[in-house]
Amino acid sequence: MSKGYDHRAIEAKWQQYWEQHATFRVTDDVSKPKFYCLDMFPYPSGAGLHVGHLEGYTATDIVSRYKRMKGFNVLHPMGWDAFGLPAEQYAVKTGVHPAKTTAENITTFKRQMKRVGLSYDWERELSTTDPGYYRWTQWIFLKLFERGLAYVAEVPVNWCPQLGTVLANEEIVDGKSEVGGFDVIRKPMRQWVLKITAYADRLLEDLKLVDWPTSTLEMQKNWIGRSIGAEVDFALVGRAGAIRVFTTRPDTLFGATYMVLAPEHPLVDGITSEAQKAAVQAYREGTARKSDLQRQELEKEKTGVFTGGYAVNPVNQERLPIWIADYVLMSYGTGAIMAVPAHDERDWAFARQYQLPIREVITGGNVQEAAFTDTDRGTVVNSAASDGSFSINGLIPSEAIPKVTEWLAKQGKGTRAVNYKLRDWLFARQRYWGEPFPIVWVDGEARPIPEQQLPLMLPETSNFKPSGTGESPLANLDQWLATVDPGSGKPARRETNTMPQWAGSCWYYLRFIDSKNSAQLVDQAKECYWMPVDLYIGGSEHAVLHLLYSRFWHKVLFDIGVVSTPEPFMKLVHQGIVLGEDNQKMSKSRGNVVNPDEMIDQFGADAVRLYEMFMGPLEAMKPWSTRGVEGVTRFLERVWRLIVDDQGHLSSAVVSAGASLDHQRLLHQTIKKVTEDIEALRFNTAISQMMIFTNEMTKTQQRPRSVIEPFVLLLAPFAPHVAEELWGLLGQPPSVSQQPWPTFDPALTVSERVTIPIQINGKLRAKLDVGLDVSREEVERLARVEAAEWLQGKEPRKVIYVDKKLLNFVV
RNA sequence: GCGAGAGUGGCGGAACUGGCAGACGCGCGAGACUUAGGAUCUCGUGGGCAACCGUGGGGGUUCAAGUCCCCCCUCUCGCACCA
């Protein structure tokens, strides 16, 4: 047997050609419209590229190649998010420097990407670990510091004893470290924090500007978690001061029957009565000992202790007992709540547990059975001051809320308030393999290193073990640590923390625009031309982390005039996860991991690319099928035989004669379908149309060039190597990648005959094959004949005719 | 629990604004060419002997529902005491 074509030879040949001719190098040619097509750059892990990476990369590659053929100037770059924990952990284990591991892994990734035929402009390649790159990461940090957006705070952090480092909330999954699955406890520490909360509103509002998946938009909205309500002061009984609470339901203020402080709340000591002191103390200690995981495990069973103190409800002067309970979090709102058990599920459960009163103030439910929390129905009751000076009775909640808030403001007892779930971003890591902070410490104060002295190089060492005290391995390097304050000349000590991995990935899309600029982060004119990113494809695991942090930095850069767009990424798509053949997540332990190198060896890069796209919708999770790869391989071989004979020459079936109308229609329908499908990223259906075309043309021995050549152009973005080879065999000069994209004639995309289904009462009974110019009367006449058996001579009650689509008799 | 998305042949999946359900591919079956084929080509392939029945289940709107409305079930992802 013979394979249709030798993918090894052809792919190697054309990859070499593209490299030698710099086919995909891009310049800042402002005469052309631009298209910035970006992949989420990978962390170069030791495992190499997997088939999941390839799905996203192939998609952007197809779009890039298509857009080039459409006449766009396409920026399609690739780089490496190369700082990070795995290389460092490997170094701790083996002593191999992370820089070495990283460089080797990058070599593997790059080799694999080239094998796939991805059309990157490799001259713009960058790595976040390159001092010429992280110089600007440090520069951005200085700008954040200057603007008060980077500060040091004593904050309870997630400390992982096994990793010897602090973790961000996002690096913790189910109370364990995302890397390694180790226990995580809370511990107060001095930390660098970025004030992302200052941008909470803009980060929320500007989501309206982008074309992103709804799930990702929702996740970001929830993460930011804006809620509007009121802050209300409850005066303490028997001493000065007040408890300030945040509530989204000021309409239920008359229903408050007790108050709760977070166990860590600073007022707890002051209000606790002598009699309750021991109980309160015990409870607080118990809470402090619990890790986050334990707090989660103990779920739903509400616990708490009465403090012995009381506060006064400002609307009705009622004395409310003050409790502490760990269901109130110090980290949200004011760390204190007014409890309205009738209209809040948690308060209801707590009140039941401790026999506290439940008072209905909104009708509509049975508050003895369950909390009634609806806000879109019900009427306010039992809500008037005893002296009659103020009442919201009879209102609906949406009217009562502003009325109460207004009244509180007038009394000086409260104010409208907005709260966010979003916390400031814990930005420091106690690790070696990251960007050093451009900061020195003098007399306990942080001083920035002048911009001109950047980059602050990561010092060499062979000891990558964390110090274990909470400081990074950099704390062991005495020579590097001791320095002088560039301002005053006083002795100074360097900051020993490094930045988290997110830092480098926050702004890399800007550097691709001008990757070698040593004077600026990015040239302004170039930035204006290329930004924003038009299409960004990557995994949904970054839906809130990378994609929120990037947007934050981008907005800061916007404010200081470095970038010209409010948002970095206009259209975002997440490729779905590729499962193993057994429909399970790919994993080494399951032994179902598909290695792209093996697939390419066996079937070729074009077949693998094509299969990745043919599997199903880009965003969907779907299983790998090596049989499926064989299927698309057969398709490619059919395409090959369409054009090439057994001797490897242009087939005699390819003729110069004009194409029949049917063949022209087939071609134009295919151009239309493939074009529209690429634009909408529906690659699977684009490929199926090319299969239809191929199946049809295989049947004929007269394959006109005027039909075959445009088809090869359509195939080129998907299977570029074989398309280049076929283009050459057709006698055309290279490169197929630089040909204009075929256009279609709308008149030729419709066929001249159409099949009209005939229905009786909506059931298909017959079909009519008619010309396009057929009249309704004619269709109806023919249909009556066709469907006579079903009509039984009776006159239909009604006849529905949809022009050239369908005819339905209602009898 | 809350938020988002999704349930279609043996399998992956098609079906634009309601208008022939199952395109295309895999698998399977039959045939052709063959010493042979796990190559290639052709044909067939939702279920049922049939009338008919079929897009997770149950209602509804409509001449017509995979598509729209209501109720329910299952799965995936995210959040998880956020006041």
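Each chain gets a letter, A, B and so on, in the order its sequence line appears, and its residues count up from 1.
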Can you tell which of [options] lies closest to the side chain of [X]?
{"X": "A/Arg641", "options": "B/U40, B/G19, B/A14", "result": "B/U40"}
{"X": "A/Arg765", "options": "B/U40, B/C63, B/C52", "result": "B/C52"}
{"X": "A/Asn222", "options": "B/C63, B/G3, B/G25", "result": "B/G3"}
{"X": "A/Arg634", "options": "B/G13, B/A83, B/U40", "result": "B/U40"}
{"X": "A/Ser688", "options": "B/A4, B/C63, B/A23", "result": "B/A23"}
{"X": "A/Asp344", "options": "B/A83, B/A4, B/G19", "result": "B/A83"}
{"X": "A/Tyr332", "options": "B/G13, B/A83, B/A64", "result": "B/A83"}
{"X": "A/Ile800", "options": "B/C63, B/G5, B/C24", "result": "B/C63"}
{"X": "A/Lys805", "options": "B/A83, B/C63, B/C16", "result": "B/C16"}
{"X": "A/Phe614", "options": "B/G19, B/G25, B/A83", "result": "B/G25"}

Check every strand shown and say whether [X] touches a base, only sugar-phosphate, or nothing at a heavy-atom separation below 4.0 Å.
{"X": "A/Ile692", "result": "sugar-phosphate"}
{"X": "A/Asn695", "result": "sugar-phosphate"}
{"X": "A/Lys221", "result": "nothing"}
{"X": "A/Thr248", "result": "sugar-phosphate"}
{"X": "A/Arg682", "result": "nothing"}
{"X": "A/Pro617", "result": "sugar-phosphate"}
{"X": "A/Lys622", "result": "sugar-phosphate"}
{"X": "A/Gly333", "result": "nothing"}
{"X": "A/Met338", "result": "nothing"}

Rounded distance (Å) that lies between atom P of B/A64 and atom CG of A/Leu764: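 After rounding, the gap between these two atoms is 15 Å.
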Looking at the angle O4'-C1'-N9-C4 for a purine or O4'-C1'-N1-C2 for a pyrimidine, is B/G9 syn or anti, with syn meaning within 90° of 0? syn
Mind checking who [N] pairs with, Watson-Crick or G-U wobble, both distances under 3.5 Å?
{"N": "B/A30", "value": "B/U42"}
{"N": "B/A4", "value": "B/U76"}
{"N": "B/A50", "value": "none"}

Take a 6.0 Å sphere around CD of A/Glu345 and say whether it holds more than 12 heavy atoms from other residues, nucleotides or ligands.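 No.
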Exactly one candidate in A/Asn583, A/Asp582, A/Val51 meets side-chain contact (heavy atoms from CB on, under 4.5 Å) with A/Trp624; the answer is A/Val51
Give a yes/no on whether any side-chain N or O of [X] is located under 4.0 angstrom from OP1 or OP2 of [N].
{"X": "A/Ser227", "N": "B/A83", "value": "yes"}
{"X": "A/Asn684", "N": "B/G12", "value": "no"}
{"X": "A/Lys763", "N": "B/C53", "value": "yes"}

Measure the acute angle between the ring planes of A/Phe350 and A/Tyr327, then classify it against the limits of 30° and 60° as parallel, tilted or perpendicular. tilted
If you take all heavy atoms of A/Val245 and A/Met338, which pair is closest and at what distance?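 That would be CG1-N, 3.7 Å.
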Mark yes or no for a side-chain to base donor-acceptor pair under 3.5 Å between A/Lys798 and B/C63, with no hydrogen or angle criteria applied. no
Please evaluate the base of B/C81 for a donor-acceptor partner in the side chain of A/Lys302 within a cut-off of under 3.5 Å? yes
